[in-house]
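Chain A is the first sequence line, chain B the second, and so forth, proteins listed ahead of strands; every chain is numbered from 1.
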Amino acid sequence: MTNITRVKSINANRTAVAITAALMIAAFLIGGVKSLRGLRADSEAVFSEGTSDSGPDAFDLRVDLTEYNGLAANILSVAKRYNLEADPLYDSLAKARQSLSGELPKDTHDVQYGLYLSVREASEQLAQRVLAANGLSASDREMLTRNVTDMTSLQTIISRESALYNRSAGEFNETLNIIPASLIKTLGLVKPLPLFNN
Amino acid sequence: MDPKIESKMYKEVKVKAVNPIYAIGVVWLVYGIAFPLYRITDLVIAAAVSALAYICARKFLPERTLVTPLTDKGALDTRCMELITRGYTYIAELEKYPARVNDKTITAQVGEITAISRQMFDYAAKNPRIATDLRNFVDYYFPVTIKLLVTYIDMQTQTVKSENVIEIMAKVGTVMNKVTAAFHKHLDDMFSDKRLDVKTDIEVLKSELKMEGLGE
C-alpha cells in the first residue's frame with residue numbers, strides 16, 4: 001500500500017473511530033438521562049400518587065398533608081372563638097399552615113417536611129392551650145379532642161407514607177451514586193430526590 | 001488506456017471498510033434510545049450487541065478496492081501518464097517488426113531495443129520523477145526508428161535491388177547499430193544517480209565505521 005493510500009485509509013479509520021466514539025457518548029447520555037429521569041419520575045410519583053403498598057386508609061402524602069392542614073385549621077377556628085388570636089401560637093400555626101398549603105417549588109420535599117413539623121408542633125400546643133381555656137363548651141371540647149385524635153392517626157399514616165416515599169427516593173439516589181449513573185449526576189443532567197425528612 | 005500498461009502503473013489495494021466501525025456507533029445510539037443505559041450491565045449488553053453488529057458488518061460489507069499508483073513517490077501526474085502510455089504503445093508497435101525483417105542482425109537489434117525500452121518505461125512507471133527524461137524517446141527516437149524499419153521492410157520487398165535500395169538498407173542497418181547503442185547508454189544513465197547515491201552512502205558508512213573503530 002502506498003503512503004497516500006495508507007494515510008487516506010488511516011484518516012478514514014480515525015474519522016470513523018472519532019465519530020463512533022462521539023455516537024457512543026451521545027447514546028450513553030441520551031439513554032442514561034432518559035432512563036434515570038424515568039426512574040426519578042417513578043420515585044417522585046410515590047409522593048404524589050402513592051403506591052399499592054400505601055395501605056387501605058392512605059392515599060398519598062400530598063392528600064394526607066392537605067387533610068392534615070385542614071384539621072389544623074379546625075384548631076384555629078376553635079381558638080378564634082375563645083379569643084386566642086393574640087396568642088403567638090395562633091399566629092405561628094396560621095403562618096405554618098399557609099406555607100404548607102401554598103405552592104412549593106419542585107424538589108422541596110425536605111422543606112415541606114419542615115413545614116409539616118411546624119404545623120404539627122403548633123397544632124398540638126395550641127390545641128392544649130384551647131383545651132385549657134376558660135369557658136370551653138362541651139361540644140367544642142369534644143370536637144377538639146376528636147380533631148386531635150384524627151390528626152394523631154393521620155400522623156401515623158403520613159409517617160408510613162413518608163417511609164415509602166423515602167425508601168423509593170433513597171433507592172433512586174443510591175442508583176445515582178453508582179457508576180456510570182454517577183457521571184450523569186456529576187454533569188448535572190439528573191438530580192437526586194430530596195427526602196421527606198430532615 | 002491499455003489494461004496491460006495500466007497494470008504496470010497502478011495496482012489495486014484492498015482497504016477494510018469503515019462502515020462496521022460506524023455500525024458500532026449506530027447500534028449504541030439505537031440501544032440508548034430504546035433501552036435503559038445507566039448501569040454497568042446495560043453498558044456490557046450494549047457493547048456485546050454492538051460487537052455483534054461489527055462482526056456481521058465486517059462479514060457482509062466487502063473490503064474496498066482502491067486503485068493506487070505503484071510508486072511511493074506520489075501519484076503519477078497526467079503528463080507522465082500520457083508519456084508512459086505513448087512509450088508502451090510504441091514499444092508494442094516495435095515488437096511487431098522483428099518478424100517482418102529478414103536481416104537477422106536487425107531483428108536482434110530491434111529485439112534488444114524493445115527489451116531495453118520496456119525496462120526503461122517499467123522503471124519510469126515506478127519512478128515518475130524520471131519519466132520526463134524519456135520524452136525524447138517518445139517524441140523522436142521511437143517514431144524515427146519505426147520509420148526506418150518501415151523503409152527497410154519496404155526496400156526488402158523490392159524484387160530488384162537497385163544500387164539505391166541496397167544503400168538504403170545498408171544505412172538503416174548501420175544506424176540501427178547506433179540506435180541500439182544509444183538505448184543502452186540511456187538505460188545505463190538512468191541508474192547513474194542511483195550509483196552516485198550508493199557510492200556516497202558507502203563512503204559515509206565506511207567513515208562512520210572507522211570513527212566507531214569498527215572498520216579500517
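When all heavy atoms of Pro36(B) and Ser35(A) are compared, the closest pair comes out as CA-OG, 3.2 Å.
In this structure, chain B has no heavy atom under 4.5 Å from any part of Ser182(A). Residue Phe35(B) touches chain A through its backbone alone, counting heavy-atom pairs closer than 4.5 Å. When heavy atoms are compared at a cutoff of 4.5 Å, Leu39(A) approaches chain B solely by way of its side chain, counted from C-beta outward.
Ranked by heavy-atom pairs shorter than 4.5 Å toward chain B, the options Leu29(A), Leu23(A), Ile179(A), Leu176(A) are led by Leu23(A). Among the candidates Ala26(A), Gly38(A), Gly31(A), the residue making the largest number of heavy-atom pairs closer than 4.5 Å to chain B is Gly31(A). Among Ala27(A), Ala181(A), Pro180(A), the residue making the largest number of heavy-atom pairs under 4.5 Å with chain B is Pro180(A). Of the listed residues (Asn19(B), Ile21(B), Val26(B)), the one with the most heavy-atom contacts under 4.5 Å to chain A is Ile21(B).
A distance of 9.5 Å separates CG in Asp42(B) from CZ in Phe28(A), rounded to the nearest 0.5 Å. Between the OH atom in Tyr38(B) and the CZ atom in Arg37(A) there is a gap of 15.0 Å [rounded to 0.5 Å]. Rounding to the nearest 0.5 angstrom, the gap separating the CE atom in Met24(A) from the CG atom in Leu29(B) is 11.5 Å.
Within the 4.5 Å cutoff, the side chain of Tyr22(B) has heavy atoms near those of the Thr15(A) side chain.
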Under the side chain to side chain contact (heavy atoms under 4.5 Å, CB included) rule, what do Tyr54(B) and Thr20(A) come out as? Steps first, then yes or no, please.
CA-CA 12 Å; Tyr54(B) 176 78; Thr20(A) 299; over 6 Å; no
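Other residues, nucleotides and ligands contribute over 12 non-hydrogen atoms within 6.0 Å of the CD atom of Glu85(A). Counting non-hydrogen atoms of neighbouring residues, nucleotides and ligands closer than 6.0 angstrom, the OH atom of Tyr141(B) reaches no more than 12 such neighbours. Dense packing is recorded around CD of Glu203(B), with more than 12 heavy atoms of other residues, nucleotides or ligands lying under 6.0 Å away.
The closest donor-acceptor contact from the side chain of Lys34(A) to the backbone of Ile33(B) lies under 3.5 Å.
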